[in-house]
Chemist: 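Before I ask anything, here is the structure I am working with.
Values below: all heavy atoms of this structure, side chains included; hydrogens, waters and symmetry mates excluded.
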There are 2 protein chains.
Amino acid sequence: MSDPIKKFVDVFSSLPGIGPRQATRLAFYLKNLGTNNIQEISDAIVGLNYLKTCSECFSTHYQNQPQRKIGAPTEASEKTNADNLCSTCSNTQRNKGLIAIVEKETDLISLEKTKKFNGRYLILGDLKKDGVLDSVQKLRLNSLKRSIKRDLSGQAEEIIIAINPTTYGDINANLMLHELKDYAKKISRLGRGIPTGGEIEFADEDTLGGALDNRN
Amino acid sequence: MSDPIKKFVDVFSSLPGIGPRQATRLAFYLKNLGTNNIQEISDAIVGLNYLKTCSECFSTHYQNQPQRKIGAPTEASEKTNADNLCSTCSNTQRNKGLIAIVEKETDLISLEKTKKFNGRYLILGDLKKDGVLDSVQKLRLNSLKRSIKRDLSGQAEEIIIAINPTTYGDINANLMLHELKDYAKKISRLGRGIPTGGEIEFADEDTLGGALDNRN
């Protein structure tokens, strides 16, 4: 294979969900789209650099710089802080005492789509399979603890650990339960059961057991 | 969703094999990789612009510009032509009289991996599902005809129509058979049969029928 193709395949097959075969196909596909389309795609990637990380929930978000008149008062420190907050964290209509801890932004988007959660989030980042929180995740939990101390006089109403119900998800959830037990009146996890549209016959024992425990 | 994410998802979910869900996941993944990695990925895409199209088989290929001493004779026209040829077409060890017509570069790569084909190729480009060759494909077939007239005194030894054995592949193969019948002593297609490792029990009627016809 020729050099830029090889480079492209190397880079793209290291991304989640893209294998070398699909990367090769993509490379030739993009080449055949032509220069303008290649530029557009490259711009879309570079555009990700303009995203910010929310200082409260650590979600990735985008905010246009507000137009400021020259000479207008800026209230620098407050303004800067507000700029770092995502639309969920800066929304005063949302219940700050209700916190969902999720692994990644796509989980947040899924929860938002249910329109059943009016609290705030903490994005933890991808969990390691060895059931140990990494240093970034520890810092984020500590930041959550600080904000609970500062804004909620030390105790949140409820923390929902919205982590996938997998083996290592369970291990990590137990770790967090232990870490956060003094910081919330209630700590919960998402209910387990048979997915809507699913069939009892095909549910595994754990799922069916969870569905029995959660019967209502 | 925030703007650069939305832009990224729009662009990437239009690529083959990537849906909006995977594109969203990729966007957050890339953002979290950080600026340097984003740049590397963008460079890998822009690098595709340096690829050339072979003037003989229309495959995408890459060739470093040969270093030329100032004042050295250039033999401009010949040199330029050779520069446009891919490594397969410029390889004098390969049999120019044996031509495989394929849809895309990945098919070429698959055939090369068998190490059983020592001829040259013609890349036709993705076939339309309506069984009609588009203008680019017609131009490429005409270019093949011209090169057969010029280099092989009007008749190739064999043309292998290496198009997928699908319904519209068959329609297009018949079209090409008709177009090229005066330009080769033999026109063939790839054999049909049960894939290695496959089971007779699960083969559909057409495949099994093809396997019977191709028994050896």
Side-chain angles (χ1 to χ4, degrees), chain A residues 1-12 14-19 21-35 37-53 58-64 86-87 104-106 108-110 112 123 125-126 136, chain B residues 1-12 14-19 21-35 37-53 58-64 86-87 104-106 108-110 112 123 125-126 136:
Chain A
M1 274 192 282
S2 51
D3 272 5
I5 296 280
K6 199 174 170 309
K7 174 79 185 155
F8 181 96
V9 172
D10 282 351
V11 166
F12 271 74
S14 71
L15 301 179
I18 299 185
R21 198 178 271 264
Q22 196 191 356
T24 310
R25 218 176 127 216
L26 266 182
F28 290 116
Y29 179 86
L30 291 177
K31 162 64 187 166
N32 290 327
L33 281 183
T35 311
N37 287 295
I38 285 175
Q39 195 55 51
E40 189 192 1
I41 290 160
S42 163
D43 289 348
I45 291 176
V46 173
L48 298 176
N49 281 326
Y50 297 101
L51 293 167
K52 289 173 186 169
T53 300
F58 303 100
S59 76
T60 287
H61 68 108
Y62 177 69
Q63 204 162 7
N64 283 313
C86 70
S87 57
K104 46 193 185 299
E105 280 92 347
T106 40
L108 181 156
I109 292 171
S110 296
E112 282 297 287
I123 308 263
D126 287 338
V136 172
Chain B
M1 274 192 283
S2 49
D3 273 6
I5 295 279
K6 200 174 169 310
K7 173 81 185 152
F8 181 95
V9 172
D10 281 351
V11 166
F12 271 74
S14 72
L15 301 179
I18 299 184
R21 195 177 273 264
Q22 196 191 358
T24 311
R25 217 176 129 217
L26 266 182
F28 291 116
Y29 179 87
L30 290 176
K31 162 64 186 164
N32 290 328
L33 281 183
T35 310
N37 286 296
I38 286 176
Q39 194 55 51
E40 190 193 1
I41 290 160
S42 163
D43 289 347
I45 290 176
V46 172
L48 298 177
N49 281 325
Y50 296 103
L51 292 167
K52 289 173 188 170
T53 301
F58 303 100
S59 76
T60 286
H61 68 108
Y62 177 68
Q63 206 163 7
N64 283 312
C86 70
S87 56
K104 46 194 186 295
E105 279 92 346
T106 40
L108 182 157
I109 292 171
S110 296
E112 282 295 288
I123 308 263
D126 288 337
V136 171

Chemist: Pairs of donor and acceptor atoms involving the side chains of residues 37-45 of chain B, under 3.5 Å and at least two apart or interchain, shall be tabulated with distances.
Modeler:
unit_1	atom_1	unit_2	atom_2	d
B:Asn37	ND2	B:Leu33	O	3.0
B:Gln39	NE2	B:Asp43	OD1	3.1
B:Glu40	OE2	A:Lys7	NZ	3.3
B:Ser42	OG	A:Ser42	OG	2.7

Chemist: Does B:Lys31 reach the main-chain N or O of A:Thr60 with its side chain, forming a donor-acceptor pair under 3.5 Å?
Modeler: no
Chemist: Any heavy-atom pair between the side chains of B:Asn32 and A:Glu105 that's under 4.5 Å?
Modeler: yes
Chemist: Name the region of A:Val46, side chain, backbone, both or neither, that has any atom closer than 4.5 Å to a heavy atom of chain B.
Modeler: both
Chemist: Rounded to the nearest 0.5 Å, what's the gap from NZ on B:Lys104 to OG1 on A:Thr24? Could you check?
Modeler: 12.5 Å
Chemist: Of the backbone (N, CA, C, O) and the side chain (C-beta and beyond), which part of B:Ser14 lies under 4.5 Å from a heavy atom of chain A, both, or neither?
Modeler: backbone
Chemist: Rounded to the nearest 0.5 Å, what separation is found between the CZ atom of A:Phe28 and the CD1 atom of B:Ile123?
Modeler: 8.0 Å
Chemist: Can you name the nearest heavy-atom pair linking A:Gly17 to B:Gln22, along with the distance?
Modeler: O-NE2, 3.0 Å
Chemist: Tell me, side chain or backbone of B:Asp10 under 4.5 Å from chain A's heavy atoms, or both, or neither?
Modeler: neither
Chemist: Against chain B, work out which of A:Thr106, A:Thr53, A:Asn49 has the most heavy-atom pairs shorter than 4.5 Å and name it.
Modeler: A:Asn49
Chemist: Non-hydrogen atoms of chain B under 4.5 Å away: do they reach the side chain of A:Tyr29, the backbone, both or neither?
Modeler: side chain
Chemist: Mind checking what makes side-chain hydrogen bond (donor to acceptor under 3.5 Å, both in side chains) contact with A:Glu112, not counting sequence neighbours?
Modeler: A:Arg94, A:Tyr121
Chemist: Which distance, rounded to the nearest 0.5 Å, do you find between the CG of B:Leu15 and the CD1 of A:Ile18?
Modeler: 8.5 Å
